[in-house]
Amino acid sequence: MIKITLPDGSSREYEKGVKVIDVAKDISEGLARVVVGAVVNGKPRDLTYQLHENSEVELVKFESEVGEDIFRHTSSHILAQAVKRLFPGTKLAIGPAIENGYYYDFDSEHKFTEEDLEKIEKEMNKIVKEDLEVERFTLEKDEAIKLMEEKGENYKVELIKDLPEGETISFYKQGDFVDLCAGPHLPSTKKVKAVKLLSLAGAYWRGDENNKMLQRIYGTSFEKNKQLKEYLKRLEEAKKRDHRKLGKELDLFTMHEEGPGFPFFHPKGMVIRNILEDLWRKEHYKRGYGEVKTPIILNEELWHKSGHWDHYQENMYFTKIDGADYAIKPMNCPGALLIYKSNMYSYRDFPFRWGELGLVHRHEMSGALHGLMRVRNFTQDDAHLFMLEEQVKDEIKGVIDFTDYLYNIFGFKYRVELSTKPEDSMGTQAEWDLATDSLRAALEEKNIEFRINEGDGAFYGPKIDFHLEDAIGRTWQCGTCQLDFQMPQRFDLTYVGKDGEKHRPVMVHRTIFGSMERFIGILIEHYAGAFPTWLAPVQARILPISDKFNEYGEKIKKQFEEAGIRVELDTRSEKVGYKIREAQVEKIPYMMIVGENEVKNGTIAVRDRAEGDLGEKNTEDFIKIIKEKIKTKVNDSPNA
RNA sequence: GCCCAUGUAGCUCAGGAGGUAGAGUACUUGCAUGGUAAGCAAGAGGUCACCGGUUCAAAUCCGGUCAUGGGCUCCA
């Protein structure tokens, strides 16, 4: 319970659901007010309590834990203040708190360098030590504009002009530094203890690529140095999980200058990929899907018809065959549509579910490429479902269940978003509303939490997106389920209804893995390269103690091979410690050491990559244990 | 595509104020046949990303291109 006690003995209690973070004094208009930085329903907010004139305020008690947002936000003001001190001509744009830190965007003649970051960091620490009081004051809109114009802060002026009329505008002041800000903030700069600037980046003003590129400085801060150290250590750990590094180290895939954005899969990478594909096929057949395969290159005319020419051309590759124009497919749907049109259908035939592991090419911007997560050619685990309108909800629910089932096999947590009509789209608002509502209804009936991602739908329809997280918390869209009323119209898809008339089917596009490439990238990071046995490219390696036992090793190898286990035999003339180290670095689930004892007893000495030495085992028994693990797809790689 | 940074042996990285390069590891060979995370030794490996300019001389300085990394924008 938080209470403010006034000199006259009366007190004020805060309402339920409000977590008080800190107080800042309001210095405007001689009014005595206390502004409380609080968290209301998870969102930071200023709560203003108007008190009696001339009354003194004392906060008797407040929550000791400072909301991270507020903490980081004040840090970003300190950053801006430091930059202003060191580079006086700099103009301020925006500087919010973000997850694990904050940034501030600057417009400066001076190009910030890495060395500057160190200088700025020093200055920030100075500001912290100065223990500047953070004061809030408010102005009417015109006064606010005037103040910012005087200071030459044209970006701030632009921000204020966009604020609604009639609202008073709050500023925060610390020492000689004033910034437009909704707050709340810490009461003093001294509350920030461990300041660290992380990186420099470019960012467009207001996130629009037509605007000026500003200089963004990313940083983080903590109450204690120890927390900062822990955070930096976590970042280091995360780097070790980077799929680009592990992919190279584990010999799974490589990227080459000769094909930017076009990944090369190595034999071990293909093992994982093929296992995923096998799993994918098996689960699809179980759920009534058929599999199709459509060409990579199709006549350009088709892409005019589908709308891709108008809405997706920038991302497409083109080629010529016998003088005619062709396009390399960026999506698989037109192929599925042509298959649909090759037949006549009755309403009794629905739904159709056609899966396709479809190789698509998209010309992504060079700066967007990122390991396996963002590439220029990738295989979508696509499917196109054709259905009657009354089947839509059930089909969508089926896709949601299917997605959940597959993600659970890997132990993934995921986030769901509903993406709505983008600016560049086809079809009427009514069609979009209907499609969006159908998706929403399916999600609601499944009781799935989701957020709305305004304007992020495909050009032909809204979509449900499934996002998975990578090693450092970036999330990537993998699964997607898109409802499409457009393609069936454009391609004049029909079926014959009960009434003998032609009707229009509804189409759903969906992926679960998203793309094999991205999904494998996520998997590598998820398991930190230590794949569960069922996915591991090499499941077991036999390590003879010396050359003398290679022959016995061969025998064991055969036994494992016959059981369908991916096994290797290391016959090199190295010491066993060396072989173990290599197998460990390669994150092979099981090592079988064979020497004199094992030959004598007809056994193997098993070592688990995570648990260590498991002792001598009967070969047949151990094979059974591994086979069982593979069958049940146990995710058995904790911190290996 | 835009901003910033980076590009030296298969990998991880030193070095170089202009005079054509070095370590560790990996690789090859020899010795060693060793019981749970690196045995010893020798050898081979590089147009210092690419193209152009300045210079007697460029891996080094300058310009451009390409690629990579972090962001922005865009997306599975």
Side-chain angles (χ1 to χ4, degrees), chain A residues 103 105 111-114 116-117 198-218 239 242 244-245 248-249 251 254-261 312 314-315 330-331 358 360 362-376 378-382 419 422 456 458 463 465-468 472 474 476-480 482 509-519 521-522 543-550 573-585 591-598 605-609 612-616:
Chain A
Y103 66 79
D105 286 348
K111 292 237 154 95
F112 297 127
T113 63
E114 298 284 333
D116 291 336
L117 288 191
L198 298 171
S199 61
L200 273 167
Y204 300 107
W205 167 236
R206 301 204 138 177
D208 186 333
E209 62 182 319
N210 299 313
N211 287 343
K212 184 166 183 180
M213 176 72 69
L214 306 173
Q215 299 187 70
R216 175 172 296 179
I217 297 177
Y218 281 91
K239 266 190 200 158
D242 190 317
R244 292 166 296 190
K245 183 174 148 67
K248 171 82 193 149
E249 284 171 5
D251 201 15
T254 45
M255 305 298 293
H256 299 271
E257 285 201 12
E258 289 81 352
Y312 211 73
E314 281 183 5
N315 285 304
M331 297 187 192
V360 297
R362 296 184 185 176
H363 180 242
E364 300 293 348
M365 285 195 289
S366 56
L369 303 177
H370 183 99
L372 287 183
M373 304 299 200
R374 192 76 180 275
V375 292
R376 283 179 172 160
F378 54 101
T379 299
Q380 292 183 303
D381 65 315
D382 216 340
S419 297
D456 206 39
K463 54 184 188 168
D465 292 327
F466 298 85
H467 296 255
L468 297 175
I472 58 171
R474 286 182 287 221
W476 298 88
Q477 187 189 317
C478 288
T480 179
Q482 314 176 346
H509 313 241
R510 60 108 267 219
T511 65
I512 294 178
F513 293 146
S515 79
M516 301 311 290
E517 287 76 5
R518 179 176 287 182
F519 198 78
I522 298 261
L543 315 177
I545 299 263
S546 81
D547 298 349
K548 282 180 277 189
F549 312 109
N550 284 351
S573 304
E574 295 290 347
K575 289 191 170 183
V576 73
Y578 183 88
K579 294 183 183 179
I580 287 172
R581 185 187 147 78
E582 280 212 341
Q584 190 74 45
V585 168
M591 292 160 244
M592 281 99 65
I593 292 107
V594 294
E596 206 176 332
N597 291 337
E598 289 73 25
V606 179
R607 192 189 147 103
D608 182 294
R609 72 181 160 196
D613 195 358
L614 298 184
E616 221 171 308

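Letters go in sequence order (proteins before strands), and every chain restarts at 1.
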Can you find a side chain N or O atom of [X] that sits less than 4.0 Å from OP1 or OP2 on [N]?
X        : N     : result
A:Gln477 : B:A76 : yes
A:Lys463 : B:A76 : yes
A:His370 : B:G70 : yes
A:Arg376 : B:A76 : no

side-chain contact (heavy atoms from CB on, under 4.5 Å) assessment of A:Ser515 paired with A:Gln477: CA-CA 10 Å; A:Ser515 79; A:Gln477 187 189 317; over 6 Å; no
Listed nucleotide nearest any side-chain atom of A:Lys248, set B:G39, B:C11, B:A76: B:C11
The side chain of A:Leu200 is closest to which nucleotide in this list: B:A37, B:G71, B:C4? B:C4
Whether the side chain of A:Glu616 and the base of B:G35 hold a donor-acceptor pair under 3.5 Å is what I'd like checked. no
So, under a plain 3.5 Å distance rule, would you say the side chain of A:Tyr204 forms a donor-acceptor pair with the base of B:G71? no
Kindly state whether the pair A:Trp476 / B:A76 counts as stacked, where counting means centroids closer than 5.5 Å and planes tilted less than 30° apart. no
Watson-Crick or G-U wobble partner for B:U68, using a 3.5 Å limit on both distances? B:A5
Can we say A:Arg607 and A:Asp613 salt-bridge, meaning some charged N sits less than 4.0 Å from an Asp/Glu carboxylate O? no
Does this structure show an ion pair linking A:Arg206 with A:Asp208, if we count only N-O contacts that are shorter than 4.0 Å? no
